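All values below were derived from every heavy atom in this structure, side-chain atoms included, with hydrogens, water molecules and symmetry-related copies excluded. Nothing here was measured: the structure is a model prediction, and the numbers come from that model.
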Amino acid sequence: MFKYFLKELKKINPYVDILSDNAYSNVSEYINTGSLVLNYVCSGDFYKGIPKGRVVVLQGKSGVGKSVVASCIVADAQRKDYVCVWIDTENAMDKDFAERLGIDTTKILYMPAIEDLDEFRNQVFKLLKVYEEKYADKKLLLILDSLGNLGSSKEQADAEADKKASDMGQRGKSIRSLFRVLTPKLVKLGVTFVVINHTYDNPMNPYAGETESGGEGAVYNPSITVNFKKQKVKEDDKSISGMILKPTSTKNRITPPFKTGEILISFADGINKYYGLLDLALETGVIVKEGNRFKTIKMTEDDKLIWEKNLYTPEVWEPILDELNKRAIELGSYSRFLEEPKEISKEIK
């Protein structure tokens, strides 16, 4: 009965398949973000990252490091033989900046500013059509930097006509249309789409938190949305040597949402891949604190305890990373549903 019914359904829709075998419901590969903590925030696993064939939004205020993270994603994608297209609506991408972050600028396609959302949607749809017809055997990554800088066709028309009329919600409608049209095509073809988006303080309600540029269309469609905040790293002489980013997955269809952590970006050395692991290591018992210093489960009694400033090196983390990842996955994964759910002990208010 089951196989017969599947066969009949395929006559109606050729993409129908068993859930465990369906490309629409399974992620075949992940792209490293450059930070083990950010990989965990996105996928629940230090060794994964962002999923192939999904829409991922990196959002936050100006200057929080979204483009830096996106560049690190491109660098790893190139190492995995992806064709990468950087769509720049801000005219801000710089060759030297990209190369310092590990991108091979001779092997990345650059698409400069596009006039408006509708034109962007149509161009990307055509790009995907060409990809499907001629290059579907290749892996493709698209980076949009940024959604927040794309206007509506009405804004463009009003500017040309020297009008001062408001947008009247047209931009939000265009963004919803963009995601409705592109998302099914992206997933079907296994194309990864990383969208950089702006957030702003809500002037009408300062207690409501930040709001995304583009409204609901930028909220409902992505598989993963990561919101970034930052703080500056200051040296003893008050100079600023880097940033600590604080990513939080506000939406996630891969692993439970609201995972958070810290990423260190040094202006001199780039992203430290190990920074931010300490809290998880302490929580899972892979590292223990003794006074003001630390000891890993791989250390012997003869080994010297480690000061925190000396923690974030391969020598400390590589010997314990597999065990930490195993425990972190168990800690941060969805539990299986029980046949008889346990009684809720606390009243839900």
Original post:
Hey, what's the ring geometry for Phe179 with Phe193, parallel, tilted or perpendicular (30° and 60° as the breaks)?
Top reply: tilted
Original post:
Which atom pair, heavy atoms only, marks the closest approach of Tyr30 to Ser43?
Top reply: CE2-CB, 3.8 Å
Original post:
Does any non-hydrogen side-chain atom of Leu321 lie less than 4.5 Å from one of Leu277?
Top reply: yes
Original post:
Any side-chain heavy atom of Val55 sitting closer than 4.5 Å to one from Asn221?
Top reply: no
**OP:** Say whether, by atom type as modelled, one donor and one acceptor occur between the side chain of Ser249 and the main chain of Asn252 under 3.5 angstrom.
**Re:** no
Original post:
Which is it for Asp104 and Thr106 under the side chain to side chain donor-acceptor pair (under 3.5 Å) test, yes or no, and what are the steps along the way?
Top reply: CA-CA 5 Å; Asp104 183 345; Thr106 67; 2.5 Å; yes
Original post:
Within a strict 4.5 Å, meaning less than it, do heavy atoms of the Thr89 and Leu147 side chains meet?
Top reply: no
Original post:
Do Gln78 and Lys107 have side-chain heavy atoms sitting under 4.5 Å apart?
Top reply: yes
Original post:
At what distance, to the nearest 0.5 angstrom, does OG of Ser35 lie from CD1 of Ile271?
Top reply: 6.5 Å
Original post:
Do Glu8 and Lys11 pass the salt bridge (Lys or Arg N to Asp or Glu O under 4.0 Å) test, and can you show the C-alpha distance, the side-chain angles, and the key distance before you say yes or no?
Top reply: CA-CA 5 Å; Glu8 293 300 316; Lys11 295 177 182 178; 3.2 Å; yes
Original post:
Using a distance-only test with no angle check, is there a side-chain donor-acceptor pair under 3.5 angstrom linking Thr250 and Asn227?
Top reply: no
**OP:** Could you tell me which non-hydrogen atom of Val41 sits nearest to which non-hydrogen atom of Gly261, and how far apart they are?
**Re:** CG2-N, 4.4 Å
Original post:
In Å, rounded to the nearest 0.5 Å, how long is the span from CD1 of Ile143 to CG of Leu109?
Top reply: 12.5 Å
Original post:
Roughly how far, to the nearest 0.5 Å, is CG of Leu324 from CZ of Phe46?
Top reply: 4.0 Å
Original post:
Is there a donor-acceptor pair closer than 3.5 Å between any side-chain N or O of Asp88 and the backbone N or O of Met93?
Top reply: yes
Original post:
Where do Ala77 and Cys84 come nearest, in terms of heavy atoms and distance?
Top reply: CB-SG, 3.9 Å
Subject >> Check: Val191 and Leu142 side chains under 4.5 Å, non-hydrogen atoms >> reply: yes
Original post:
Just by distance, do the side chain of Tyr40 and the backbone of Ala328 share a donor-acceptor pair under 3.5 Å?
Top reply: yes
**OP:** Inspect the contact between Lys188 and Glu132 and indicate whether a charged nitrogen and a carboxylate oxygen are less than 4.0 angstrom apart.
**Re:** yes
Original post:
If we only count heavy atoms from C-beta on, is the Val74 to Ile108 side-chain gap below 4.5 Å?
Top reply: yes
**OP:** Show your working on side chain to side chain contact (heavy atoms under 4.5 Å, CB included) between Thr192 and Leu140 and close with a plain yes or no.
**Re:** CA-CA 7 Å; Thr192 311; Leu140 179 63; over 6 Å; no
Subject >> Ser223 side chain to Arg253 backbone, donor-acceptor under 3.5 Å >> reply: no
**OP:** Taking only Lys NZ, Arg NE, NH1 and NH2, and the carboxylate oxygens of Asp or Glu, determine whether Lys326 and Glu330 approach each other closer than 4.0 Å.
**Re:** no
**OP:** Would you please classify the geometry between the Trp317 ring and the Tyr274 ring as parallel, tilted or perpendicular, with 30° and 60° separating the classes?
**Re:** parallel
**OP:** Consider only side-chain N and O atoms of Asn149 and Ser146, and report whether a donor and an acceptor are under 3.5 Å apart.
**Re:** no
Subject >> Linked, directly or transitively: Leu264 and Ile240 (ILVMFWY side chains, under 4.5 Å) >> reply: yes
**OP:** Give a yes or no on whether the backbone of Glu283 and the side-chain of Arg327 come within a donor-acceptor separation of less than 3.5 Å.
**Re:** no
**OP:** Keeping the roles fixed (side chain from Thr199, backbone from Lys61), state whether a donor-acceptor pair exists under 3.5 Å.
**Re:** yes
Original post:
Does any N or O in the side chain of Tyr131 come within less than 3.5 Å of the main-chain N or O of Lys138, such that one atom is a donor and the other an acceptor?
Top reply: yes
Subject >> Carboxylate-amine/guanidinium proximity below 4.0 Å for Lys298 and Glu323 >> reply: no
**OP:** Look at the side-chain heavy atoms of Ile, Leu, Val, Met, Phe, Trp and Tyr, link any pair under 4.5 Å apart, and say whether Ile329 and Leu282 land in one connected group.
**Re:** no
Subject >> Flag, side chain of Lys251 to backbone of Tyr220, donor-acceptor distance under 3.5 Å >> reply: yes
Subject >> Lys/Arg-Asp/Glu bridge criterion (N-O < 4.0 Å) met for Lys80, Asp76 >> reply: yes
Original post:
Just checking, is any N or O donor in the side chain of Asp45 or Asn325 under 3.5 Å from an acceptor N or O on the other one?
Top reply: yes
Original post:
Where the side chain of Lys259 meets the backbone of Thr248, is there a donor-acceptor pair that is under 3.5 Å apart?
Top reply: no
Original post:
Within a radius of less than 6.0 Å around CG of Asp236, do more than 12 heavy atoms belonging to other residues, nucleotides or ligands occur?
Top reply: no
**OP:** Calculate, to the nearest 0.5 Å, the distance between atoms OG and NZ belonging to Ser28 and Lys139 respectively.
**Re:** 8.0 Å
**OP:** First locate atom CD1 of Ile50, then atom SG of Cys42, and finally report the distance between them rounded to the nearest 0.5 Å.
**Re:** 7.0 Å
Original post:
What is the distance from atom CD1 of Ile103 to atom CH2 of Trp86, rounded to the nearest 0.5 Å?
Top reply: 5.5 Å
Original post:
Cluster question for you: counting only ILVMFWY and a side-chain heavy-atom cut-off of under 4.5 Å, with indirect links fine, are Val288 and Leu280 together?
Top reply: no
**OP:** Side-chain contact test, heavy atoms from C-beta onward, threshold under 4.5 Å: evaluate it for Ile263 versus Ile244 and give yes or no.
**Re:** no
Original post:
If Ile, Leu, Val, Met, Phe, Trp and Tyr residues are connected whenever their side-chain heavy atoms lie under 4.5 Å apart, and connections chain through other members, are Tyr312 and Trp307 in the same group?
Top reply: no
Original post:
Do the side-chain N and O atoms of Ser177 and Arg121 include a donor-acceptor pair separated by under 3.5 angstrom?
Top reply: yes
Subject >> Test item: Ile87 and Val124 side chains (from C-beta on) under 4.5 Å apart, heavy atoms >> reply: yes
Original post:
Between the side chains of Ser239 and Asp237, is a donor N or O closer than 3.5 angstrom to an acceptor N or O?
Top reply: yes
Original post:
Can you hop from Ile114 to Val130 via hydrophobic side chains spaced under 4.5 Å?
Top reply: yes
Original post:
Donor-acceptor pair, Gln59 side chain versus Phe228 backbone, under 3.5 Å?
Top reply: no
